[in-house]
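In what follows, a single structure is set out as structure tokens and then discussed.
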Amino acid sequence: MKAHRKKTVLSGMRPTGPLHLGHLAGALPNWIKLQEKYLCFYSIVTWHALSSEYQNSKAIKENIFEMAADWLSIGINPEKSVLFIQSEVKEHAELHLLLSMIIPLPWLQRVPTFKEMQNDLPDKDLNTYGFLGYPVLQTADILIYKAEIVPVGEDQAFHLELAREITRRFNRLYGNIFPEPQMLLTEVPKLAGTDGRKMSKSFGNAIYLKDAPEVIREKISTMMTDTRRKRKTDPGVPKDCPVFTLHKAFVAKEKRDALAKGCQTAKIGCLECKNVVIESLIKRLTPFWEKRGNFERNRHLVWEILEKGNKRAREVAQNTMEEVRAAIGF
Ligand code: TRP
Ligand code: SF4
């Protein structure tokens, strides 16, 4: 049989805090699956975190550990994939610089997230040179591994389109160095947080993977439900219930349909309904907690895995940069 080179995948997450149920329902299962077919580079994108957290830069290091421990414990396999820290592979910065020379400013000024994030985070000054260049750095992350496939959520679609445009421009100017990266859109079900708004670290309403079983139990037990159900005898509408967004992600369809019926006919109480998703989550997360506990007691294991990943990533990035410098004529 002819051996085919595995295609290369790259994705990244900003180390801004521990992972929550939104990640468990969206990106993570996808990342785990991709490892079977592709050579995956998964990056902890410290410089991207810094672009919005520069006033609190010291927290990033601890968050690197948190993120790597979460990844490893949920099933990102360092024997298959390359887990690494963006800022430990300095070549990303060089490619970012080179790309910045060829990107017309209006391409960046029309990126919707540039304005959106400034509106969402009014207490941070994000009107900076570095933040404007966020998508340029993201493009460098992808191109430096010549990644063909980039799994991301809907919110990153514009960045990926821009990355493709930048790639075409680079190739036109300097020769065909980079494959045009394909976006692999990840379905991310909309999960509500404990207050009924979208689950998000910045709203303080998230349920974290590393939360202890008692914490998960407490957070969901006191979570908002469909406001129609003041008493157990009031029928409810599951699709208007924040808790039911968790059922959709974490409870098998048959069980979930039965609960929905019980809710609509006022046959079950909210606590009974909540208990089903609580138990399902506890079952799902028990092996994760075991592994994560081990990493917490042996933190060096996590750092060693990252060191190895950094080294592997660096080798690829250095090769690419040699090619890039030659193409430019340096
Ligand atoms: N901007 C991405 C996010 O916020 C993170 C990211 C950085 C990324 N570099 C990347 C994603 C490269 C995919 C590929 O989710
Ligand atoms: Fe929500 Fe379940 Fe209560 Fe219905 S029974 S309102 S779905 S928690």
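Order of appearance sets the numbers: ligands from 1, and atoms from 1 within every ligand.
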Step by step, would you call Y134 with F114 a ring-ring contact (aromatic ring centres under 6.0 Å, His included)? CA-CA 9 Å; Y134 185 109; F114 182 59; over 10 Å; no
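- In this structure, F84 has its ring center closer than 6.0 angstrom to the ring center of Y145.
- For atom 3 (Fe) of ligand 2, the count of nearby protein N/O/S atoms, taking only those under 2.8 Å, is 1.
- Under a cut-off of 6.0 angstrom, the local environment of CD in Q109 is crowded, with over 12 non-hydrogen atoms contributed by other residues, nucleotides or ligands.
- Protein residues having at least one heavy atom under 4.0 Å from any atom of ligand 1 are L10, S11, G12, R14, V45, H48, Y134, Q138, D141, I142, V150, V152, Q156, listed by chain and number.
- Annotation: K267, atom NZ; neighbour count of heavy atoms from other residues, nucleotides and ligands within 6.0 Å does not exceed 12.
- In the displayed structure, K219 atom NZ is contacted under 6.0 Å by more than 12 heavy atoms of other residues, nucleotides or ligands.
- The pair E88-K311 does not meet the salt-bridge criterion, since no charged nitrogen lies less than 4.0 angstrom from a carboxylate oxygen.
- Within 6.0 Å of CD on E323 lie more than 12 heavy atoms contributed by other residues, nucleotides or ligands.
- In terms of modelled atom types and a separation under 3.5 Å, the side chain of S11 and the main chain of P151 share a donor-acceptor contact.
- Residue L19 forms a side chain to side chain contact (heavy atoms under 4.5 Å, CB included) with just one option from M67, K201, K210, and that option is M67.
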